[in-house]
**Q** 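Handing you a structure now.
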Protein chains: 2
Amino acid sequence: MDSVKQISLAQHAYEKRDRFSIAVSVDCVIFGYEDNELKVLLIKSDLEEYEQQWSLLGDLVQIDENLDDASYRVLKWRTGLDDVYLEQVITLGELDRHPAGRVITVVYYSLVNIQDHQLRLKDNEVHWHSVNDIQTLAFDHKHILDVCVEKLRTRIWESPVVMNLLPEKFSLRELQNLYEAILNTQLDRRNFRKKISLMNWLEDVDEYEQDVPHRPGKLYRLSSH
Amino acid sequence: MDSVKQISLAQHAYEKRDRFSIAVSVDCVIFGYEDNELKVLLIKSDLEEYEQQWSLLGDLVQIDENLDDASYRVLKWRTGLDDVYLEQVITLGELDRHPAGRVITVVYYSLVNIQDHQLRLKDNEVHWHSVNDIQTLAFDHKHILDVCVEKLRTRIWESPVVMNLLPEKFSLRELQNLYEAILNTQLDRRNFRKKISLMNWLEDVDEYEQDVPHRPGKLYRLSSH
DNA sequence: TCAAAAGTGTTGTTTCTACACCCATGG
DNA sequence: CCATGGGTGTAGAAACAACACTTTTGA
């Protein structure tokens, strides 16, 4: 699917829709992880009012489409990725949140591996940004991002979902770096390993890091049970 | 506002709205507490498809109305209560969830004191039901209820919101009964009191229970700081 | 042999759980 | 004086935080 075409379709829809009905959109906070930093995928806003500002990826929900399906569609369209973790976070519907009229948006976040070979950003205007560097975004998207980061920070100890941000096989050091990036804090190595191992989330793949200038670490993957 | 009139207005709106646009509603899970049981306010469904089934209280969101405002409106209209705790929980939009067409619903739960003098159920069809006794509800409302109960069970330890279910002044025994009803479990009295007192949620009002056939307990209220 | 990170265990502190007795009141 | 629930403390267990040394590898 051609993303440029889709953008204008979406814009068209926003502009044409009935002044007397409510539009429903999904916005996806697509998280990635690279260079020890939590990233988020953003696009240059295509609205005049927010010219040159970055915004989250979203689209209007079609009338014959589930909410979850709509956010999978946005994700697939923007990243080429299938089979990705998605979680609904909040729904926002302030009257003035969209300049084109009344748009209620259902917010999801998702976690993708930036190194995934299937990942193809199909638009020059779509880029990864370090979450920590973001000061403002178009619409209420900065607020949305903040809420999603907060949610992610609690999820991190409840389920192994964040491992979707890493390659299939990873070392405990990489995992700890990821946790530290998301939480914006330092963790004790021994306590971290103890805690993670008690969760029983990981499966030893019996391989080691390669080409590292020091003793290689063991590799793990998300356990299947 | 006349509730019967509003019901038919809402129904009218469902029936009349554009086949090609999405309707947005709010559904409120209004919790109460009475006779040591967690209750929820339900109404007889006014749709043919769900004749004689109970459903949650909700309404379509107006185009010039915030989501929060819409759920406050539903709450005020059904209970007469103002200034009540409301929390958004989830948004559901399965294609077939409403027989009249595509309706996406934003779910809130709220906590009211059944003994509040301002509480006036303005409709014969609106009644309190014990949460534990509910097997089925119209639409996907049983699922919605389950999600809200689960949310409430985690909130209970994170914030003092559940005290909205009790009268202004209450004893620790009443509070513990409430916790036990919500969690569907027994709690140790001494450990419960220790835990609650560490939270610093309560303020001693220097009064005691009256007319109890045993040593009266101290009364507390939600602390202002 | 050096540098860099991997791997690992113990101790003290805090939090959690289980548990029993005396007290104040009304009938 | 009896029945009923109010009020309280402690000891053992579990979870958590702080902390340092040896090992493996590549350069």
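Letters go in sequence order (proteins before strands), and every chain restarts at 1. Remember, it's a predicted structure, so these values are computed and weren't measured experimentally.
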**Q** Taking DNA chain C as the partner, which of residues 204-219 of chain B come within under 4.0 angstrom of it by heavy atom?
**A** B/Val212, B/Pro213, B/His214, B/Arg215, B/Pro216

**Q** With sequence neighbours left out, what residues match A/Cys28 under side-chain contact (heavy atoms from CB on, under 4.5 Å)?
**A** A/Ile30, A/Ser71, A/Val74

**Q** May I have the distance from B/Asn191 (atom CG) to D/dG7 (atom P), rounded to whole angstrom?
**A** 16 Å

**Q** Tell me every residue that passes side chain to side chain donor-acceptor pair (under 3.5 Å) with B/Lys151, counting only those two or more places apart in sequence or in another chain.
**A** none

**Q** Within this structure, what is the CH2-to-P distance between A/Trp157 and D/dA15, rounded to whole angstrom?
**A** 16 Å

**Q** List the residues meeting side-chain contact (heavy atoms from CB on, under 4.5 Å) with A/Arg215, not counting sequence neighbours, and say none if there are none.
**A** none

**Q** Between atom CZ in B/Arg173 and atom P in D/dG7, what is the gap in whole Å?
**A** 10 Å

**Q** Keeping to residues at least two apart or across chains, list the ring pair (Phe, Tyr, Trp, His ring centres under 6.0 Å) pairs with something in residues 154-173 of chain B.
**A** B/Trp157-B/Tyr179

**Q** What residues, two or more places apart in sequence or in another chain, satisfy side chain to side chain donor-acceptor pair (under 3.5 Å) together with B/Ser45?
**A** none

**Q** Go through the structure and list residues passing side-chain contact (heavy atoms from CB on, under 4.5 Å) with B/Arg97, not counting sequence neighbours.
**A** B/Asp27, B/Leu92, B/Glu94, B/Val103, B/Thr105, B/Asp140, B/His141, B/Ile144

**Q** For DNA chain C, which nucleotides open and close the run of contacts to chain B, 5' to 3', at under 4.0 angstrom from a non-hydrogen atom?
**A** C/dT17 to C/dG26

**Q** Please list, in numerical order, the residues of residues 176-189 of chain B that have a heavy atom closer than 4.0 Å to any atom of DNA chain C.
**A** B/Asp188

**Q** Could you pull out all residues at least two apart from B/Gln53 that satisfy side chain to side chain donor-acceptor pair (under 3.5 Å)?
**A** none

**Q** Which residues satisfy the side-chain contact (heavy atoms from CB on, under 4.5 Å) test with B/Glu168, sequence neighbours excluded?
**A** B/Arg221

**Q** If we count only N and O atoms by modelled type, under 3.5 Å, do the side chains of B/Tyr208 and B/Gln210 hold a donor and an acceptor together?
**A** no

**Q** Could you check whether A/Arg193 gets within reach of a base, just the sugar-phosphate, or nothing at all, counting any heavy atom under 4.0 Å?
**A** base

**Q** Please name all residues satisfying side chain to side chain donor-acceptor pair (under 3.5 Å) with B/Tyr220, sequence neighbours left out, ordered by chain then number.
**A** none

